[in-house]
Amino acid sequence: MLIEEHKSLKPFNTFGIDCNARYFASVASVTELKELLAQNTHPLFVLGGGSNLLLTQDVDALVLHIDMKGITVLSENNGQVTLEVSAGENWHEFVLHCIDKGYGGIENLSLIPGNVGTAPIQNIGAYGVELKDVFVNCKAIEIDTLKEYTFNKEACQFGYRDSLFKNEGKGKYIITSVTLQLTTNEHKLSTSYGAIKDRLAANRVTEPTIKNISDAVIAIRRSKLPDPAEIGNSGSFFKNPVISTEDFHKFRLSHPNAPFYEVSPTEFKIPAGWLIEQAGFKGQRFGDAGVHKNQALVLVNHGDASGTELWELALRIQKKVKEDFRIYIEPEVNVI
Ligand code: EPU
């Protein structure tokens, strides 16, 4: 297997940051992955789609590019289909494949950057649907022992942009495939999200299909979110903060027009994009590091921003939001 040295990671992260990997290898099968892990003596850095990553320095490790491909139908009956998808499949291409086959359940997750194997790590979610809603299990190799494990939904401990793989399991496993259960008919459509409703109404769609919803989501995302192929970014840079009901009521007194979502009887979520916009950062640019003009939650690389410049901007935003609202916003991306 080819192990390259001093390889630029620019094509492998959606921020388009030009940092180098000390060593780099791509693995296209579980066998190759195990072989490489068995012989490797370097620290390891696992790279999926590179869409949730901010590189602020060269990576002094063996960067492992997970490139396994394949979609297998495990079973299909009673209006349900169970599919095992290899970790290196591109998420959005997989969504389009499902729409094409008439498989429902992930149409709201159209156009999310990244790979299938990294989707469970942060339990990707958008427009009222999360990966966990269709998740059956994922297979993973334990790095230290090379043992293969299957983690079911419960074992993955999914939360909002959270899972086992960001907590106790962090750095321990490499996800090699994900199994999902989708519908082949009587799809359970999720159209309650305001922007989807509006888009369907504008398109005069009264009885939406999964394709109509996917098209609506694609149009909404394109209108708000920058395309990483055109301008470097990693989607939402911060998580939406969750605050206690008590803090929420205090916050509402001084900010009666702020949008919010009730998460549970004891917790409320405030859109970080709103907080960042109110703090004055929307559309701002500091050199080549900037805040997107249509969605303040997204930091962008206008060209040659370094990871450090983007990180300094993130810290500045975090500090100002804290000062203005007494709310701490936590990065969603992995900062290296
Ligand atoms: N808002 C502003 N200013 C902004 C951005 C948003 O005032 O610059 C307000 C909007 O007007 C709206 C509210 O904030 O009232 C929510 O905005 P939006 O619907 O765009 O959703 P979000 O909460 O900002 C989350 C996800 C997105 C996902 C959308 C849709 C997180 C961290 N982000 O954003 O996920 O697409 O909901 O479900 O939860 C991603 O993870 O990369 C991502 C894009």
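Indexing begins at 1, ligand by ligand and atom by atom, following the structure's order. This chain uses plain numbering: 1 for the first residue, then up along the sequence. Since the model is a prediction, treat every value here as computed from it, not as a measurement.
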At what distance is the nearest protein heavy atom to [atom], and which residue and atom is it?
| atom | result |
| --- | --- |
| atom 40 (C) of ligand 1 | Ser236 OG, 2.9 Å |
| atom 1 (N) of ligand 1 | Trp274 N, 3.8 Å |
| atom 34 (O) of ligand 1 | Leu297 CD2, 3.9 Å |
| atom 38 (O) of ligand 1 | Tyr127 N, 2.6 Å |
| atom 8 (O) of ligand 1 | Ala296 N, 2.8 Å |
| atom 3 (N) of ligand 1 | Glu277 OE1, 2.6 Å |
| atom 25 (C) of ligand 1 | Asn240 ND2, 4.1 Å |
| atom 37 (O) of ligand 1 | Tyr193 OH, 4.1 Å |

Exercise for the section: Look at atom NZ of Lys69 and say whether more than 12 heavy atoms of other residues, nucleotides or ligands are closer to it than 6.0 Å. Expected result: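 Yes, because the 6.0 Å sphere around NZ of Lys69 holds more than 12 heavy atoms from other groups.
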Considering only heavy atoms of [X], which atoms of ligand 1 have at least one such atom less than 4.0 Å away?
| X | result |
| --- | --- |
| Gly235 | 42 (O) |
| Tyr160 | 31 (C), 32 (C), 39 (O) |
| Pro259 | 15 (O) |
| Lys282 | 3 (N), 4 (C), 8 (O) |

Handout entry: Within-cut-off N or O pair, Lys239 and ligand 1, under 3.5 Å
Key =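 No, no N or O pair falls under 3.5 Å.
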Problem - Arg221 CZ to His92 NE2 distance, which is reported to the nearest 0.5 Å - result: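 It comes to 9.5 Å.
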Practice task
Find the distance between OG (Ser26) and CE (Met68) and round it off to the nearest 0.5 Å.
Solution key: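 Here the rounded value is 9.5 Å.
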In terms of ring plane angle, is the pair [X] and [Y] parallel, tilted or perpendicular, where the classes change at 30° and 60°?
| X | Y | value |
| --- | --- | --- |
| Phe325 | Trp274 | tilted |
| Tyr103 | His97 | perpendicular |
| Tyr23 | His42 | parallel |
| Phe237 | Trp311 | tilted |

Problem - Test of ring centre spacing under 6.0 Å for Phe268 and Tyr261 - result: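 Ring centres of Tyr261 and Phe268 not closer than 6.0 Å.
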Is it true that the side chains of [X] and [Y] contain a donor and an acceptor less than 3.5 Å apart?
| X | Y | result |
| --- | --- | --- |
| Asn123 | Asp162 | no |
| Glu84 | Thr72 | no |
| Asn212 | Thr209 | yes |
| Ser51 | Thr14 | no |

What part of [X], side chain, backbone, both or neither, has a heavy atom within less than 4.0 angstrom of ligand 1?
| X | answer |
| --- | --- |
| Pro271 | side chain |
| Phe238 | backbone |
| Tyr261 | side chain |

When you measure from [atom] to the protein, is at least one non-hydrogen atom found at a distance under 4.0 Å?
| atom | answer |
| --- | --- |
| atom 42 (O) of ligand 1 | yes |
| atom 32 (C) of ligand 1 | yes |
| atom 12 (C) of ligand 1 | no |

Problem - Within-shell test, Lys269 vs ligand 1, heavy atom, strictly < 4.0 Å - result: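 Outside the 4.0 Å threshold, so no.
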Exercise for the section: Answer with yes or no whether Arg221 contacts ligand 1, where contact means a heavy atom under 4.0 Å from a ligand atom. Expected result: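 Arg221: in contact with ligand 1 (<4.0 Å).
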Practice task
Only heavy atoms count here, so choose which of Gln295, Arg161, Gln122 is nearest to atom 5 (C) of ligand 1.
Solution key: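 Selected option, by shortest heavy-atom distance: Gln295.
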Problem - Option with minimal heavy-atom separation from atom 28 (C) of ligand 1, where the choices are Ser51, Ala126, Gly114 - result: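 Going through Ser51, Ala126, Gly114 one by one, Ala126 has the nearest heavy atom to atom 28 (C) of ligand 1.
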Handout entry: Ala25 versus Leu2, closest heavy-atom pair with distance
Key =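 Ala25 and Leu2 have their closest heavy atoms at CB-O, 3.7 Å.
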Problem - Cation-pi, Phe281 ring and Arg316 (6.0 angstrom, 45 degrees) - result: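 Output no; distance or angle outside limits.
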